[in-house]
Amino acid sequence: MTEHSYQPAEIEAKWQARWEATQLYRSTVDWSKPKHYALTMLPYPSGDLHIGHWFAMTPSDARARYMRMKGYNVLFPMGFDAFGLPAEQAAISRNIHPWKWTYANIERMRAQLKSMGNMFDWQREIVSSVPEYYKWTEWFFKRFFENDLAYRGEALVNWSDALQTVLANEQVIDGKDERLGQPVVQKLMTQWFFRYTRYADEMLNFDKLDWPEPIRNSQTNWIGRSEGAKVTFKALTSHGEQPLVVFTTRPDTLWGATFMVLAPEHPLVDALTTPEQRDAVEAYKAATARATEIERLSTEREKTGVFTGGYAINPVNQKRIPVWIADYVMISYGTGAIMAVPAGDQRDFEFARKFGLEVVPVVQPADQPPLNGATMAEAWEGAGVIVNSDWLDGTLSNGEKGRKNPAIAAVIDWLEAQGIGSETINYRLRDWLISRQRYWGSPIPIVYDPQGQPHAVPDEELPVELPEDVDFVPTGRSPLTYHEPFFKYKDGWRRETDTMDTFMCSSWYHLRYLSPHCDHAPFDPEEAAYWLPVDTYTGGAEHATMHLLYARWFNKAIRDLGVFDEAKKIAAAHGRSVDGLFDEPYLQLRNQGQVLGGKRIGDYVVCRGRREGGKLYADHVEVIAPIDAPTTDDPTVVHGELMKRVEHTLFVGEAMQLVELVAGGTVSIPDIEGENNVNQLKQHLEVMRMSKSKGNVVNPDELVRKYGADTVRAYLMFAFDWQMGGPWDEANVVGVTRWLDDTWALVHATVPPTGDPAAERDLIRAAHQMIDRVGSSLERFSFNTAVAGLMTFRNALKAALREGQIGRAAFEEAVSVYLRCMAPITPHIAEELWEHMGWPYSVHTQPFPEYDPEKAKSDMVELVVMVNGKPREKLLVPVGIDEAQAEALALASEAVQRHLNGSQPKRVVHIPARGGQEPKVNLVL
RNA sequence: GCCGAUGUGGUGAAAUGGCAGACACGACCGCCUCAAAAGCGGUUCCGAAAGGGUGUGGGUUCGACUCCCACCAUCGGCACCA
C-alpha cells in the first residue's frame, strides 16, 4: 500500500505555481540549439473555454513538449484574437462596452488556459485589440496602401442586413453569413480591398508545405484557377461598334460560337437592347435581381433568358451572331459575358435548343458518325478533331485545358497575332474585402482630403486609436461616423470610419509573439530570424479558406515589401539557409477533429414476456425495422427504440418503459448472424455539435475539478483519433483514471534490492518498446496510440512488480523511462513522481529517453507460418533463426502438413523479421 | 456535376503491403467480502471444429483494412465558373 493516494488537485496547483516561478517555459533565442516554433490557433475571447479548446490545445502541447525533450528549443505561445463582431453583439445585447466584455473574458480564459498545464510562454502573450498590437495591424495596412496592395474600389459586395456590415466572400456560405446564417445581398458599394489575386498562383503551390490534403484541396478549389483566353468580339450597339470581351477555356471552339450570352447586370446590355426588346429585357433584369436574393444557385433549373435584339461579330469568321442575356452567366466571374458554343457546352446546348438557336459542331469525336447540329442530342465536351473551323480544321483537340491542348495552343497563338485575343488565366478568387461598418475592430489608418482622396496617416501618428466613448449600436454605417472627435482630422479632412476585418489581425499574430512589446517594428528581426517560420501549426479545419489562406497571402505580401529583409540577413549570418525561408508562414499543418455531443439511433426492439408491476419480464427481444412495429395493445408486448440499457434492464421508447430480460431469455438481431447477446443491442445516443441551446456542452472546468487536468488531457488524447474527433462520452474516462492511479501506486511501490535478471530484462524490453511507440506516435500526432503505449507498459510494470522479481536498479531504470515518456502527455503527475523518486527538477528538462533496439529485442520470437497468405500456425523460435531453418520448421509444422496432404508447395516465401515484426514463412500451394 | 475524406467487434478505436481487432470501455464468469463498492484473476469478432471475417463487387500481389478500378453510404469543399 502507498502512504497516500493520487490527488491531482494538490499536485497540479503545486507544479503550475512552481513552473511559473522558475520560468520553466520561458523560451528565448539560443542559436546553439535547433528551434521549433509550435503554434496552436489562438482563441476568440467569447466567454468560457470549452472542451474543444482542450482538445485542440493539450495534444498540441504534448507534441511541443515532446519536441522540447527531443532537444529543440521550443516556442509555444498563446494569445487572444480579441476584435470582432461577437464582442460587439454581446455588448449590444448586454449593454456593456465591448472593451469591458472582452477583457473580462480574457482574464477568465487566461486562468482556464493555465489550468491545462500547457507549456505556454505567457510572457509572449498577445491581445489583438490593444493599441500596442493594432498599431502594427494599421502599419501593415499602410504598407499595403503605399504599395498598391490595398485599394478603395466600388464593387458588388456582400451586404448583411442582420450584421449591418459588408462581408468577405469567405464569410458568406450559400448566400448566408457564416455567423448568424442570415441572408446576404449584393450591393454596389465603395470599400477597401487587398489585391488577393496577385498571389493566387503562388498560393496554389503547396510544395514547401506539409499540409493535409483536404485543406490544400479546399484552397485550390477556392482559388479556382482556369486557363483559357480572352477574346474580343465586336458588339453592334446603338452607339456603334464596341468591344465585348469574353473569357473562355475553349478558344478552340470559337468557330462554333453561334450566339453570345451576357449576365443581366452586364454594362453593355442597355446599348445592345433594341427598342422592341426593351420591355422584355427590363422585365428579365428585374426578375433576376429578385431571384438573386432568393436562390439563383439551383443547378437543376431550366434555362431562362431573353434576346436583346442586338448582335455581335465573331472575330474569327466575321459572323453576325445574336446577343442574349441569361442568369446562368454570372457577372462576378470572368468578364460577365460568354461566347456560347452549343455544340461544345451542355449549358449552351440546352439554351440553344430551348430558344431555337443554331448549333454548329466544331469538335468531331473519333469513332462516331459526323455530328449534325440539327439532330445531336447533347453537347460533345470531350476530345476530337476540329471541323467547320476554317484553317484549324483537322487539328486535334485532346480534351486537355490550356496549352497542353494542340488546338487551343494554335488558336491562342493566332488570336494574339491577330490582336483579337490573348492567353488568360482566370480565378474564381476575388479580392479580399477588408472594411467593416462596425466599431470593434482595428481602425483603418487613412484620412480623406477635402476632395475625398485617401491618404495614409503619417507613421508617427500610428496607432489611430479606437475611441472608447462611442455609441456602437449598428445603423449600417460605422459607429465612428457619429464620433466627431474621431473622424475630424484637420480642416476639411476626415478619417476613414470603417474598421478592419479581424482576419487581418489574425493574419500576422504569429509574428507578434516573437516580440509582443517591440515598439519600433511589428517584430524583432533577430527573433524572427531564429524562430520563423512556424514549424507546426495546429487548429480547426474550418479555417481552410479563410484564416489559413489570408495568412498565406499576408505573408507573401509582406515578404515582397521587404518586411523580412533584416531577419533574412541575420539568419544568413548564423548560417541558416535563407532561400525561400519566409515564403510561407506555417510549414506543417495538422487539424484536429471535433468533439461532438453524442449520437446513435438505438435499435428498434420488440420485447415479449410477462408483465409484473410496471416492468415487462421479457423472454424474447427482437430487433426489427421501425416500420414493422406491431400495432397491438397487448400488455405483454413492449416496442420502441432502445434508449438505454443497464445490464439486462432495457429502457424502451420515448416513455422509457422498463423491460427486464429474464435469465435464459433470447435476443435476435437480424443484421448479426447467430445467437445474439443483449450487449450487442445498439442504444440511442445523441451526436451533435455541442451548443448552449442543445444543453450538451461539456464544461472542462468541472472535469478538471472532478478528475484533474492530467486525466482530462490524457483522456482527450486517448478517446479518439485526434484528427477525426468524435462523440464525447464521459463513461470511458475511468480507463485513464485507473491508469494514473495505478501509475501512482506502482511508482510508490517498495522493491527488493536485487531481482531476477530475466524478469528485469523483460521489463526493460517493455520500456524500450514503449519509447519507440510513444515517440513515433507523438511524432505523427497519433496521441491515442501514444497513451496506449504508456498503458501497455503500465500493465507490464504491474505484472512484473506483482511477481516481486524486479530489483531496485532495474525498477529505477524502468520508472525513469516511463516518467519521461509520460511527461509530454500528463506533465503534472510525471513531475510529482519524478520528484518522489528523488531525481532533480524538472522532468520536463530531461531528454526524451533514447530508444535502444538491442534492449527492445527478445530472445525468442514467434515464427508465423502462413499457407497462401493465411496464418495457420505459430512456432516459437530463437530470434536469429536463418531462412533455411525457418523454412524447414515451417514445412514440418503440423498445420502445413495437413494442408500439403503429401504434395510439395509451389513456392516458399520467407519474410525476415524487420521493424519489430515477427519472421514469417508463406507457403504457396 | 467536379474535387476530396471516411466506412473495421456491443462501444471508442489499433494495424511502414506481412499474425486484423493493440490499448481502453462495457459485458460475462470467478476470487476477495457478512454484503456492496473498490480491487484482483480470467473470458469476450463469428464458428464445435475445419475454417470464415475490415461497406459491396472485381483486380494487382507469395500475401490486401492498406495499392488499383467500379459501385454504395456518410461527411466536407466548389458549383449554370464559361
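Lettering of chains follows the sequences in order, A, B, ..., and the numbering in each one begins at 1.
- Under the Watson-Crick or G-U wobble criterion, with both distances below 3.5 Å, B/C78 is paired with B/G1.
- A residue-by-residue look at A/Ala337 and A/Met866 shows that A/Met866 has its nearest nucleotide of RNA chain B further toward the 5' end.
- When both pairing distances are held under 3.5 Å, B/G17 makes no Watson-Crick or G-U pair with any nucleotide shown.
- When heavy atoms are screened at a 4.0 angstrom cut-off, A/Lys874 is found touching base atoms of the nucleic acid.
- Within the model, atoms CG of A/Asn922 and CG of A/Asn868 stand 7.0 Å from one another, a figure rounded to the nearest 0.5 Å.
- Using Watson-Crick or G-U wobble geometry with both donor-acceptor distances under 3.5 Å, B/A49 finds no partner in any strand shown.
- Using the Watson-Crick or G-U wobble rule with both distances under 3.5 Å, B/U6 pairs with B/A73.
- As judged by a 4.0 angstrom heavy-atom cut-off over every strand, A/Arg773 is placed among the base-contacting residues.
- Within the structure, every side-chain polar atom (N or O) of A/Arg428 is placed at least 4.0 Å from both OP1 and OP2 of B/C78.
- Using P as the reference atom, B/A36 and B/C32 are 12 Å apart when rounded to the nearest Å.
- For the P atoms, the distance linking B/C45 with B/G10 amounts to 10 Å, nearest Å.
- The side chain of A/Thr785 contributes no N or O atom lying less than 4.0 Å from OP1 or OP2 of B/A13.
- Computed from coordinates, the A/Arg250 CZ to B/C81 P distance equals 14 Å when rounded to whole Å.
- Nucleotide B/A24 has B/U11 as its partner under the Watson-Crick or G-U criteria, with both atom distances under 3.5 Å.
- Looking at heavy-atom distances under 4.0 Å, A/Phe351 makes no contact with the nucleic acid at all.
- Side-chain proximity of A/Arg794 to B/A14, B/A24, B/C19: nearest is B/A24.
- Across all strands shown, B/C34 remains unpaired; no Watson-Crick or G-U wobble contact has both distances below 3.5 Å.
- The CD atom of A/Glu381 lies 10.5 Å from the OG1 atom of A/Thr253; values are rounded to the nearest 0.5 Å.
- Figure legend. B/C67 is base-paired to B/G59; pairs are counted as Watson-Crick or G-U wobble with both atom distances under 3.5 Å.
- Using a 4.0 Å heavy-atom cutoff across all strands shown, A/Met339 reaches no nucleic acid atom at all.
- Separating the C1' atom of B/C69 from that of B/C25 is a span of 39 Å, rounded to the nearest Å.
- In terms of position along RNA chain B, the nucleotide closest to A/Gly726 lies nearer the 5' end than the nucleotide closest to the other residue of the pair A/Asp742 and A/Gly726.
- The phosphate of B/C81 (OP1 or OP2) has a side-chain N or O of A/Arg347 nearer than 4.0 angstrom.
- In the model, A/Ser5 has a side-chain atom that pairs as donor or acceptor with a side-chain atom of A/Gln7 under 3.5 Å.
- No side-chain heavy atom of A/Asn732 sits less than 4.5 Å from a side-chain heavy atom of A/Phe718.
- The phosphate of B/G63 has neither OP1 nor OP2 within less than 4.0 Å of any side-chain N or O from A/Arg872.
- The distance from atom CZ of A/Phe793 to atom CE of A/Met770, rounded to the nearest 0.5 Å, is 4.5 Å.
- Distance A/Phe720 CZ to B/A24 C1': 13 Å, rounded to the nearest Å.
- A donor-acceptor contact under 3.5 angstrom links the side-chain atoms of A/Lys303 to the base of B/C80.
- Among the atoms of the strands shown, only primed sugar atoms or phosphate atoms (P, OP1, OP2) are found under 4.0 Å from some heavy atom of A/Lys798.
- Judged by the 6.0 Å distance and 45° axis criteria, A/Arg430 is not positioned over the aromatic ring of A/Trp222.
- As rounded to the nearest Å, B/G57 and B/G9 have C1' atoms that lie 24 Å from one another.
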Might you list the N or O atoms of the protein lying below 3.5 Å from N or O atoms in nucleotides 3-5 of chain B, with each pair's distance?
| from | atom 1 | to | atom 2 | distance (Å) |
| --- | --- | --- | --- | --- |
| B/C3 | O2' | A/Asn217 | OD1 | 2.7 |
| B/G4 | O4' | A/Asn217 | ND2 | 3.2 |

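- The separation between A/Tyr427 atom OH and B/C78 atom P is 19 Å, rounded to whole Å.
- Taking CZ of A/Phe781 as the reference point, atom CD of A/Gln592 lies at 11.0 Å (rounded to 0.5 Å).
- A/Asn922 comes within contact range of at least one nucleobase, with a heavy-atom separation under 4.0 Å.
- Nearest nucleotide to the A/Val329 side chain, out of B/C80, B/A82, B/G41: B/A82.
- When heavy atoms are screened at a 4.0 angstrom cut-off, A/Thr335 is found touching no nucleic acid atom at all.
- Side chains of A/Thr785 and A/Ser777: a donor on one and an acceptor on the other come within 3.5 Å.
- For A/Gln219 (side chain) and A/Ala544 (main-chain N/O), a donor-acceptor pair under 3.5 Å exists by modelled atom type.
- Comparing the same atom, C1', in B/C46 and in B/C40 gives a spacing of 30 Å after rounding to whole Å.
- Comment: A/Glu350 engages A/Lys303 in a salt bridge, judged by a side-chain N to carboxylate O separation of less than 4.0 angstrom.
- Atom C1' of nucleotide B/G12 and atom CH2 of A/Trp722 are separated by 18 Å, given to the nearest angstrom.
- A/Asn795 comes within 4.0 angstrom of the backbone, heavy atoms only, and of no base.
- Rounded to whole Å, the P atom of B/G41 lies 12 Å from the corresponding atom of B/A24.
- Taking atom CG of A/Asn868 as the reference point, atom C1' of B/G51 lies 14 Å away to the nearest angstrom.
- Contact annotation for A/Asn426: no contact, since no heavy-atom pair falls under 4.0 Å across all strands.
- A/Tyr6 and A/Asp742 form no side-chain donor-acceptor contact under 3.5 Å, judged by distance and modelled atom types alone.
- The partner of B/G41, taking Watson-Crick or G-U wobble pairs whose two distances both stay under 3.5 Å, is B/C29.
- Residue contacts for A/Trp739: at a heavy-atom cut-off of 4.0 Å it reaches no nucleic acid atom on any strand shown.
- When atom types are taken as modelled, the side chain of A/Arg225 and the backbone of A/Tyr427 share no donor-acceptor pair closer than 3.5 angstrom.
- For the residue pair A/Ser397/A/Asp252, the side-chain donor-acceptor check at 3.5 Å is satisfied.
- Among the protein residues, A/Val734 comes within range of the sugar-phosphate backbone only, with heavy atoms under 4.0 Å from sugar or phosphate atoms but none that close to a base.
- Side-chain polar atoms of A/Tyr284 and A/Thr304 form a donor-acceptor pair below 3.5 angstrom.
- Nucleotides B/A14 and B/G7 are separated by 9 Å at their P atoms, to the nearest Å.
- To the nearest whole angstrom, the two P atoms, one in B/U60 and one in B/G12, are 35 Å apart.
- Atom P of nucleotide B/A22 and atom CG of A/Asp721 are separated by 17 Å, given to the nearest angstrom.
- In this structure, A/Arg738 reaches the B/G26 phosphate: one of its side-chain N or O atoms is under 4.0 Å from OP1 or OP2.
- Side-chain nitrogen and oxygen atoms of A/Arg898 include at least one within less than 4.0 Å of the OP1 or OP2 phosphate oxygen of B/G51.
- Counting non-hydrogen atoms under 4.0 angstrom, A/Gly344 reaches nothing in the nucleic acid.
- A/Leu596 places its CG atom 11 Å from the C1' atom of B/C75, with the value rounded to the nearest Å.
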Heteroatom pairs (N/O) under 3.5 angstrom, protein to nucleotides 58-61 of chain B:
none

